[in-house]
*Asks:* 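Structure below; questions to follow.
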2 protein chains.
Amino acid sequence: MRIGAFSRRTGLSADTLRYYERIGLVPRAGRDAGGRRDYGEDHLRWMEFLDVLKSTGMRIEEMRRYVALRADGPETVPDRLAMLRTHRERVAAERARLLEVETVLDAKIALFQSVTDGSASPNALTCASTTSGHKESRT
Amino acid sequence: MRIGAFSRRTGLSADTLRYYERIGLVPRAGRDAGGRRDYGEDHLRWMEFLDVLKSTGMRIEEMRRYVALRADGPETVPDRLAMLRTHRERVAAERARLLEVETVLDAKIALFQSVTDGSASPNALTCASTTSGHKESRT
DNA sequence: ATACCAGTTGGAGCGCGCTCCAAGTCAAAC
DNA sequence: GTTTGACTTGGAGCGCGCTCCAACTGGTAT
C-alpha cells in the first residue's frame, strides 16, 4: 500500500504521515523500487493504536519513546508495559475529573434553568454568572 | 486585588491574565486611580469556572462568546444555558470515549503481562506491538 | 517519446495558547 | 525629590502539531 491509499485508510494526510515518520512516531515504512513508501497491515494496526494514545493526550515525545522501545524488540516489553500502565492511570484520572466537571456543569445548568423558569430570585445569578453584581457595569 | 495578588490566587501569570482580558476571555477588570486592574471576588469565581471550561477543551472562541453573552445581561441566560448543555454533552461523550480507551489499554496491558509472564506464544505480540512481523527488519 | 501524476525531500509557514519584552507610568518608601 | 518596583501598553516570539510548498523523480498510459 502506497502513501495515498494509506492516507485514505487512516484518515491522515500524506503530509502528516511523512511527518510522523520523520519524527519517529511510526516505524519507517519500507520503500519500493522507486523509493516510495510501502505500508502494510502492521502499520495500519499501529496507526490505530497510536490514535488511541494520541487522542488521550499522550505527548509526541512519549509516543516516540514507545516506538523506539518497540523497535528495540521484545525485551523492551516490560518498559512498554510500564508506560501503558502509567498512561492508563492518567486516562482514568482524567475520566474521573470529567465526571466532577459534569456535576459542576449540571449545577450551573440547573441554576440557569431555574432562572429561565422564573423560579429563582434575581440575584441567584450573582454567583459567577453575571457581571453586573458589584460596582459599575464594566461595559 | 491587583494583578499580582490575583495571579497568585489563580495560578495564572499576570501576562496570561492580561492576555485573557485582551481577547475577551474575562470581563474587563475595573481600574484604580493609577490605571491598574482591580480584581474582585466575582473575577475569582469566573476564573474558576473558566478553568472548568478550559480544562475540558472548550475553545477560546467559544468561551469568548460566553463572556460576551454574560456581559449582555440576564436576557442571554437561555443562550448560555444552551451552550452549557452542549458542552456538558461533549464532556460526557469524551468521558465515555476514555472508558473505551481504558479497555483497549487494559487488553494490551494484559497481553504484555502474559508475555513477561512467559505464558504467551512468541507471536502473540505481532498484533500491533512489535515491528519485525513482516518482511525485512525496518531498522 | 511525452505527458502525467503520485510520489520523494527539506524546509517554510500556520493556528493556538500563551509568554516574554521594551518602553513608559505611577504610588509608596526613603 | 529620587529611587524602587509593581504595574501599564502594544507587539514580537515560542512550542506544539501539523500543513503546505517548491523542486524533483520514477513508473504508467498514450
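In what follows, chains carry the letters A, B, and so on, assigned in the order in which the sequence lines appear, proteins first and then strands, with residues in each chain numbered from 1.
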*Asks:* side-chain hydrogen bond (donor to acceptor under 3.5 Å, both in side chains) with B/Glu102: which residues, sequence neighbours excluded?
*Replies:* A/Arg88, A/Arg95

*Asks:* List for me each residue that meets ring pair (Phe, Tyr, Trp, His ring centres under 6.0 Å) alongside A/Tyr20, sequence neighbours excluded, and say none if there are none.
*Replies:*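 In terms of ring pair (Phe, Tyr, Trp, His ring centres under 6.0 Å), with neighbours along the sequence ignored, A/Tyr20 is linked to no residue.
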
*Asks:* Report yes or no: does B/Arg64 contribute a side-chain atom to a donor-acceptor pair with the main-chain N or O of B/Ile23 at less than 3.5 Å?
*Replies:* yes

*Asks:* In whole angstrom, give the distance that lies between atom CD1 of A/Ile3 and atom C1' of C/dT9.
*Replies:* 12 Å

*Asks:* Answer yes if the ring centres of A/Trp46 and A/Tyr66 are under 6.0 angstrom apart, and no otherwise.
*Replies:* yes

*Asks:* Starting at CG of B/Asp32 and ending at P of D/dC7, how long is that distance when rounded to a whole Å?
*Replies:*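 Roughly 10 Å, once rounded to whole Å.
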
*Asks:* Is a donor on one side and an acceptor on the other found under 3.5 Å between the side chain of B/Thr10 and the backbone of B/Phe6?
*Replies:* yes

*Asks:* Starting at atom CZ of B/Arg31, determine the distance to atom P of C/dA27, rounded to an integer number of angstrom.
*Replies:*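 Rounded to whole Å, this separation is 15 Å.
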
*Asks:* Does a side-chain N or O of B/Arg37 approach OP1 or OP2 of D/dC7 to a distance below 4.0 Å, or not?
*Replies:*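 Checking D/dC7 against B/Arg37, no side-chain N or O comes under 4.0 Å of OP1 or OP2.
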
*Asks:* Classify every nucleotide of nucleotides 14-20 of chain D by which part a protein heavy atom approaches to under 4.0 Å, writing B for the base, S for the sugar-phosphate alone and - for neither, in 5'-to-3' order.
*Replies:* ---BBBB

*Asks:* A/Arg85: what forms a side-chain hydrogen bond (donor to acceptor under 3.5 Å, both in side chains) with it, not counting sequence neighbours?
*Replies:* B/Gln113

*Asks:* Assign A/Arg18 to base, sugar-phosphate, or nothing according to its heavy-atom contacts below 4.0 angstrom with the strands shown.
*Replies:*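 Since a base atom lies under 4.0 Å of A/Arg18, the category is base.
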
*Asks:* Could you run through nucleotides 22-30 of chain D and give me one letter per nucleotide, 5' to 3': B if any protein heavy atom sits under 4.0 Å from the base, S if only the sugar-phosphate is that close, - if neither?
*Replies:* ----SS---

*Asks:* Considering residues at least two apart in sequence or located in another chain, which fulfil the side-chain hydrogen bond (donor to acceptor under 3.5 Å, both in side chains) criterion with A/Arg90?
*Replies:* A/Glu62, A/His87

*Asks:* Is it the case that atom CZ in A/Arg97 sees more than 12 heavy atoms from other parts of the structure closer than 6.0 Å?
*Replies:*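 Yes.
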
